[in-house]
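We count ligands from 1, going down the list as the structure has it; atoms in each ligand are counted the same way.
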Amino acid sequence: MKIRWILPALISAVILSGCAGQTPSPPPEDALIVVGISQVGAESDWRVANSESMKAVFTESGGYRLLFEDAKQKQENQITAIRKFIQQKVDYIVLLPLRETGWDSVLQEAKDAGIPVIVADRMVDVKDETLFIAHVGSNFRMEGEKAVAWLEDYARSRGKETLNIIHIQGTMGSTAQIGRTAALEQALESHADWTLQVRLDGDFTQAKTYEEVKQYLSEQEVPPEIDVVYCENDNEAFGAIQALEEAGYTCGEGGIAVISFDATRNCLTQCLNGKISLAVECNPLLGPLTAGVIRILEAGGTPEKEHYIEERSFTKETLTEELISARLY
Ligand code: AHR
């Protein structure tokens, strides 16, 4: 049985905190907990911050050896990475799934190999829930509901209940897309005076959204009236704003209300400047929560199945320069 480093590392840290000038010796290689992370890619600012959060926690000095695989937005690459982790006999697999479906077989292989899988960020939709130990991430449906509640207030405060909405979706079939789309769909059903002008697939990227919005606008004989752009992440919002402004629209105060999800520093800056009307937070700092699940398992405990990370939403009125500069992502 492997002698774990995680507890000794903690004890040494406490003892050594009183011994200035002494550096703790690195943990022996075979005592490290080996964690294989299959990451979606680097499609957004959120994703980059998320990878950094994982890498900051799973360090050798913290008692881990990290094997990190970037799937470059392809589910088949994630499946290959998981199989590689199984061959490498890692202690834990952390899967950040591109989309919800298509994981049953490979997660069964991990289970058969006795390797616990922690699902982080988005969720998986598997027939057997025991194929993963725990999920650590966001409540995407609730994020969408926050956006819709704000939109209802916004329509009311303008004294104009009619809204023409452009909806930019994220990667189809991902939990982030499913939850945020479902909230808007439900609101469209219950507000007869809200019109969905078009639904575009931005794939959570700035470049694709810019192209999609630009293309859509160029195909219209008359410039459409647009009240709201509901973007399923910040990078989509940045791409949409660029295309709309190039076409002569004004985004923000007195113009189109841009709703965005993630609330990265760049988005919050644009929110404070009045260009983005609502930033719904999606917290990418999942490294510590994921390591917390591993610590519970290492101690022989049973972690909760679902761990939702705390999230807020921001408007110009609730933001300050200080809040933005203190932001870690
Ligand atoms: O799954 C989290 C979502 O995926 C974030 O909103 C987005 O930026 C990322 O690409």
Side-chain angles (χ1 to χ4, degrees), residues 37-54 70-75 77-78 94-103 118-125 132 135-148 167-184 200-210 212 229-241 258-268 270-271 276 278-287 289-290 306-314 327-329:
I37 297 186
S38 169
Q39 177 60 284
V40 168
E43 77 282 5
S44 60
D45 299 345
W46 186 99
R47 186 70 53 198
V48 173
N50 176 253
S51 293
E52 279 169 10
S53 170
M54 293 290 180
D70 176 337
K72 304 198 172 2
Q73 254 68 45
K74 288 196 165 41
Q75 186 171 20
N77 290 345
Q78 294 206 278
V94 178
L95 168 64
L96 297 104
L98 178 76
R99 58 174 57 87
E100 288 197 349
T101 55
W103 303 104
I118 298 156
V119 176
D121 170 26
R122 304 167 185 173
M123 231 325 199
V124 291
D125 180 3
F132 66 95
H135 170 247
V136 164
S138 301
N139 186 333
F140 298 105
R141 178 67 191 250
M142 194 182 282
E143 291 175 357
E145 280 163 11
K146 285 182 197 167
V148 162
H167 178 193
I168 318 283
Q169 292 181 287
T171 304
M172 299 307 291
S174 67
T175 318
Q177 176 272 315
I178 293 169
R180 294 165 187 169
T181 293
L184 181 61
L200 302 171
D201 177 3
D203 202 17
F204 286 132
T205 74
Q206 190 160 337
K208 179 140 195 271
T209 304
Y210 171 74
E212 290 280 322
V229 185
Y230 183 97
C231 304
E232 290 189 359
N233 83 343
D234 285 354
N235 293 83
E236 290 184 345
F238 306 151
I241 290 170
V258 178
I259 294 178
S260 186
F261 294 86
D262 285 355
T264 54
R265 201 183 298 122
N266 190 357
C267 166
L268 293 186
Q270 296 205 41
C271 192
I276 290 179
L278 176 72
V280 181
E281 185 175 48
C282 178
N283 192 337
L285 307 179
L286 299 176
L289 266 183
T290 309
E306 186 63 82
H307 300 252
Y308 284 135
I309 192 159
E310 265 187 51
E311 295 174 334
R312 297 177 286 170
S313 56
F314 305 93
R327 199 125 180 107
L328 296 171
Y329 53 93

Atom pairs, nitrogen or oxygen, ligand 1 to protein, under 3.5 angstrom:
{"from": "ligand 1", "atom 1": "1 (O)", "to": "Asp121", "atom 2": "OD1", "distance (Å)": "2.7"}
{"from": "ligand 1", "atom 1": "1 (O)", "to": "Asp121", "atom 2": "OD2", "distance (Å)": "3.1"}
{"from": "ligand 1", "atom 1": "1 (O)", "to": "Arg122", "atom 2": "NE", "distance (Å)": "2.8"}
{"from": "ligand 1", "atom 1": "4 (O)", "to": "Arg47", "atom 2": "NH2", "distance (Å)": "3.3"}
{"from": "ligand 1", "atom 1": "4 (O)", "to": "Arg122", "atom 2": "NH2", "distance (Å)": "2.8"}
{"from": "ligand 1", "atom 1": "6 (O)", "to": "Arg180", "atom 2": "NH1", "distance (Å)": "2.9"}
{"from": "ligand 1", "atom 1": "6 (O)", "to": "Arg180", "atom 2": "NH2", "distance (Å)": "3.3"}
{"from": "ligand 1", "atom 1": "6 (O)", "to": "Asp262", "atom 2": "OD1", "distance (Å)": "2.5"}
{"from": "ligand 1", "atom 1": "8 (O)", "to": "Ser44", "atom 2": "OG", "distance (Å)": "3.2"}
{"from": "ligand 1", "atom 1": "8 (O)", "to": "Asn233", "atom 2": "ND2", "distance (Å)": "2.9"}
{"from": "ligand 1", "atom 1": "8 (O)", "to": "Asp262", "atom 2": "OD2", "distance (Å)": "2.6"}
{"from": "ligand 1", "atom 1": "10 (O)", "to": "Glu43", "atom 2": "OE2", "distance (Å)": "2.4"}
{"from": "ligand 1", "atom 1": "10 (O)", "to": "Ser44", "atom 2": "OG", "distance (Å)": "2.9"}

- Query: Could you state the interatomic distance from NZ (Lys146) to CD (Glu311), rounded to the nearest 0.5 Å?
  - Reply: 5.5 Å
- Qualifying residues under side chain to side chain contact (heavy atoms under 4.5 Å, CB included), relative to Leu328, sequence neighbours excluded: Leu285
- Note on the structure: Taken in chain and number order and not counting sequence neighbours, the residues that satisfy side chain to side chain contact (heavy atoms under 4.5 Å, CB included) with Ile178 are Glu100
- Taking all non-hydrogen atoms of both residues into account, name the closest pair between Ala71 and Gln78 and its distance. CB-CG, 3.2 Å
- Message: Just so I know, are the side chains of Asn235 and Thr209 near enough to count as touching, which here means a heavy-atom distance under 4.5 Å?
- Response: no
- Task: Go through the structure and list residues passing side chain to side chain contact (heavy atoms under 4.5 Å, CB included) with Arg47, not counting sequence neighbours.
- Result: Gln39, Val40, Glu43, Ser44, Asn50, Leu96, Asp121, Arg122
